[in-house]
Structures are given as C-alpha cells and as structure tokens.
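All residue numbers in this chain count up from 1 along the given sequence.
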Amino acid sequence: GDINVVIQAPVALRDKIARTVRTFEVDHLGCPATHDVTLHPERRPTANDAPLVGVTSVTACRYAVLYESDRASRPPIQPSLLSSARWGGKAASDLVRAIESAPRGTGPNDSSTCLDAYGDEMMTLRIVSETGVSQMYVRYSGCDHHGFDDGALVRALTRTSLRPFLEGPNRQSGWDSSMSPLIDHVD
C-alpha cells in the first residue's frame, strides 16, 4: 500500500533525512512491521511455562490495531508498527518485576461506556531471560481487557508497571478515560 512520510525540518536537514527513509520487514530492535495480533486483538500469546529468571532485555513493539472495518479496502496484512523501545540489564529486570508485582486480573476497565473494547493500539513485549524468550501482550488503549497478558495469566496495569512503556518513542496520544489515573501524567 501507500505510505506517507512527513518530515518537518529545515530543507537541508529534511533532504538528508528523506534519503534515509526505507521500508523494512523488521525494525532495528527486532519488531516485525506487521504482527498477527493486530488483526485479532483478543488473541493471547503462547504461554511460556518457564519463570522469567535472569532477565537481560525487554523490547516493546507498539502497534496499531487493524479492525475488520479498517481492512475493507486494504491488504489483509499491512504494516502497523508505530514505534519500539528496548531496555537492558537492571532496567529490563525492574520492568519485569513491576509487571509481576501487579495484581492478577484485568484493569482498570470501564465497560459501562465502552465503544471500543480493545482500543486502537497495543504492544507486544519480547522478554529475553536465562530461560529463553517470552512474549507478552499489553492492552491499554480500549475500555476493557487492559493488562499484561503472558498467555497463562493477565496482570492489571499499574502506574509502576505501565508508565515506562508509554514514555519516549512509545508515547501514545489518546486513551480511554478509565486509564487516566495511570497515564495522564506521562511526559
């Protein structure tokens, strides 16, 4: 399909940046340009039975969710990667510990005014540890199903567990009001 790139910079810099624009299948952090969960946001990742011991890195891939109505005039799978970020060492281990300390279950959710349960974006996490590679899905932009889903259980979103994932390149611009207490302060 068509991809539009807008570069807002002085002309000399804009031309230099434009010469570096290219398409890709996998970004520099290992995030695929497309991910099947964006077509089916209700899907769960494959559960990893091994505990997350000795975490060495966490990569967050932020995707646009592509609903059936969005796909009507587009190819079945199209690039939906919005941004990505990676943490290593102690920072990665701290992120996983924050997720593991969050309460079991989903939330915060508010289905009373729900128009879009899964929202328009989500993240996948690739966690590398001594026991291998694990995947987790993070749902935060709709009005229901919020949480960190590792395929075996879901943990609710908390300020401590979610905030680092929504800073820097993965900062998103909108969210359901049920999420405001957790992310309305993110810079």
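For the atom pair CD1 of I99 and CG of L125, the computed distance is 5.5 Å after rounding to the nearest 0.5 Å. Summarising the geometry, atom CD belonging to E100 is positioned 11.0 Å from atom CG belonging to L95; distances are rounded to the nearest 0.5 Å. To the nearest 0.5 Å, atoms CG (L81) and CG (L29) are separated by 9.5 Å. Rounding to the nearest 0.5 angstrom, the gap separating the OG atom in S83 from the CZ atom in R62 is 4.0 Å.
At most 12 heavy atoms of other shown residues, nucleotides or ligands fall within 6.0 angstrom of atom CD in E25.
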Verdict with supporting geometry, H146 and Y140, ring-ring contact (aromatic ring centres under 6.0 Å, His included): CA-CA 5 Å; H146 295 148; Y140 56 86; 8.1 Å; no
Intermediate values then yes/no, side chain to side chain contact (heavy atoms under 4.5 Å, CB included), D27 and S84: CA-CA 8 Å; D27 82 352; S84 61; 2.5 Å; yes
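Checking each of T124, L162, L166 against V138 for a side chain to side chain contact (heavy atoms under 4.5 Å, CB included) leaves exactly one that passes, namely L162. Looking at L157, T158, V154 one by one, the single match for side chain to side chain contact (heavy atoms under 4.5 Å, CB included) with F148 turns out to be L157.
Between the side chain of T59 and the backbone N or O of R86 there is no donor-acceptor pair closer than 3.5 Å. In this structure, H40 contributes its side chain and D36 its backbone to no donor-acceptor pair below 3.5 Å.
The pair D15-R19 does not meet the salt-bridge criterion, since no charged nitrogen lies less than 4.0 angstrom from a carboxylate oxygen.
Counting only N and O atoms by type, the side chains of S129 and T131 include a donor and acceptor under 3.5 Å apart.
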